[in-house]
**Q** 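So that we are looking at the same thing, I have put the structure below in structure tokens.
Because the structure is a prediction, the values reported are computed rather than measured.
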Amino acid sequence: MALEFQDVRDHWETIKPGIIELRKSFSHDWRLEDVYASLLNGKSQLLMDFARTPNGFTVVQSVPIPFQNAQKMLIWLAYDPVEGSAITYADELEALARETGHKQIEFLTPHERLWELGKSFGYEFRWAVLNKNLTGDADGRRRPEGS
């Protein structure tokens, strides 16, 4: 079997524990409800392969490529407790992206192991993301005078 598009309403209780696990693994700027709403409203799509695992899933989005008249497939979330999923689905996701008119595939991850795996599949580092949270002084550093 292969990855197939699914309706979130039919599988929310199945994928919710995986989304919670992903959310715990590193800092996110989204909530569980955001994922559900995005899937329900068609802004993202849920892909599952029940022959491989009953609770693994991938959530993808079609997003514009900045300064181009083209779209890229963003792999927003991917969860599978079975090892080797990235290797298993790499070719399939690439074929799906091409079939749906996408010019690029992109995923964002803080996991260095996935950086190396991605490079082995032909992914390139395009930029680094630097982010500073401006909602308070949680990091304990003093603000510069006059700010």
**Q** What distance separates Phe107 CZ from Leu74 CG, expressed to the nearest 0.5 Å?
**A** 10.5 Å

**Q** Below 4.5 Å, heavy atoms only, C-beta onward: do Leu96 and Glu92 meet side chain to side chain?
**A** no

**Q** Does Gln104 have any side chain to side chain donor-acceptor pair (under 3.5 Å) partners at least two apart in sequence or in another chain, and if so, which?
**A** none

**Q** CZ of Phe50 to CG of Leu3: how many Å apart, nearest 0.5 Å?
**A** 10.5 Å

**Q** Quick one: pull up CZ in Phe121 and CG in Asp91 and give me the separation to the nearest 0.5 Å.
**A**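 Taking CZ in Phe121 and CG in Asp91, the distance rounds to 6.5 Å.
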
**Q** Rounded to the nearest 0.5 Å, what separation is found between the CD1 atom of Ile19 and the CG atom of Leu39?
**A** 7.0 Å

**Q** Kindly indicate, with the supporting measurements, whether the criterion side chain to side chain donor-acceptor pair (under 3.5 Å) is fulfilled by Tyr89 and Asp49.
**A** CA-CA 10 Å; Tyr89 297 124; Asp49 179 352; 3.0 Å; yes

**Q** I'd like to know if Val82 and Ile75 are part of one continuous hydrophobic network [Ile/Leu/Val/Met/Phe/Trp/Tyr, side-chain heavy atoms within less than 4.5 Å].
**A** no

**Q** For residues Thr14 and Pro54, report the shortest heavy-atom separation together with the two atoms involved.
**A**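 Closest approach of Thr14 to Pro54, heavy atoms only: CG2-O, 3.2 Å.
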
**Q** Just to verify, what does Gln6 make a side chain to side chain donor-acceptor pair (under 3.5 Å) with, not counting sequence neighbours?
**A**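 For Gln6, the residues satisfying side chain to side chain donor-acceptor pair (under 3.5 Å) (neighbours in sequence not counted) are His11.
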
**Q** Please identify each residue that fulfils salt bridge (charged side-chain N to carboxylate O under 4.0 Å, His left out) with Asp7, with sequence neighbours left out.
**A**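 Result, salt bridge (charged side-chain N to carboxylate O under 4.0 Å, His left out) vs Asp7: Arg9.
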
**Q** Output side-chain donor-acceptor pairs under 3.5 Å for residues 62-73, partner residues at least two apart or in another chain, one line each.
**A**
unit_1: Ser62; atom_1: OG; unit_2: Gln71; atom_2: NE2; d: 3.1
unit_1: Ser62; atom_1: OG; unit_2: His102; atom_2: NE2; d: 2.9
unit_1: Lys72; atom_1: NZ; unit_2: Glu106; atom_2: OE1; d: 3.1
unit_1: Lys72; atom_1: NZ; unit_2: Glu106; atom_2: OE2; d: 3.1

**Q** With no hydrogens and no angle check, is any side-chain donor or acceptor of Arg23 less than 3.5 Å from a backbone partner on Trp30?
**A** yes

**Q** Please give me the minimum heavy-atom distance between Ala78 and Leu22, naming the atom from each residue.
**A**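 Heavy-atom minimum between the residues: O-CD2, 3.6 Å.
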
**Q** Does the pair Tyr123 and Leu117 meet the rule for a side-chain contact (heavy atoms from CB on, under 4.5 Å), with working shown?
**A** CA-CA 9 Å; Tyr123 286 80; Leu117 184 61; over 6 Å; no

**Q** Applying salt bridge (charged side-chain N to carboxylate O under 4.0 Å, His left out), can you list everything that pairs with Glu13, at least two apart in sequence or on another chain?
**A**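 Per chain and number, Glu13 pairs via salt bridge (charged side-chain N to carboxylate O under 4.0 Å, His left out) with no residue.
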
**Q** Within this structure, what is the CE-CG distance for the pair Met48 and Asp80, rounded to the nearest 0.5 Å?
**A**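 If I round to the nearest 0.5 Å, the distance is 9.5 Å.
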
**Q** Kindly compute the distance separating CG (Leu47) from CZ (Phe5), expressed to the nearest 0.5 Å.
**A**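 Leu47 CG to Phe5 CZ: 5.0 Å, rounded to 0.5 Å.
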
**Q** May I have all residue pairs that pass salt bridge (Lys or Arg N to Asp or Glu O under 4.0 Å) and include part of residues 32-44, sequence neighbours excluded?
**A** Arg31-Glu33

**Q** Any side-chain heavy atom of Ile15 within less than 4.5 Å of one from Leu77?
**A**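 No, too far: nothing below the 4.5 Å cut-off.
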
**Q** Heavy atoms only: give me the nearest Tyr79-Asn55 pair and the separation to one decimal.
**A**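 Of all heavy-atom pairs spanning Tyr79 and Asn55, the closest is CD2-O, 3.8 Å.
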
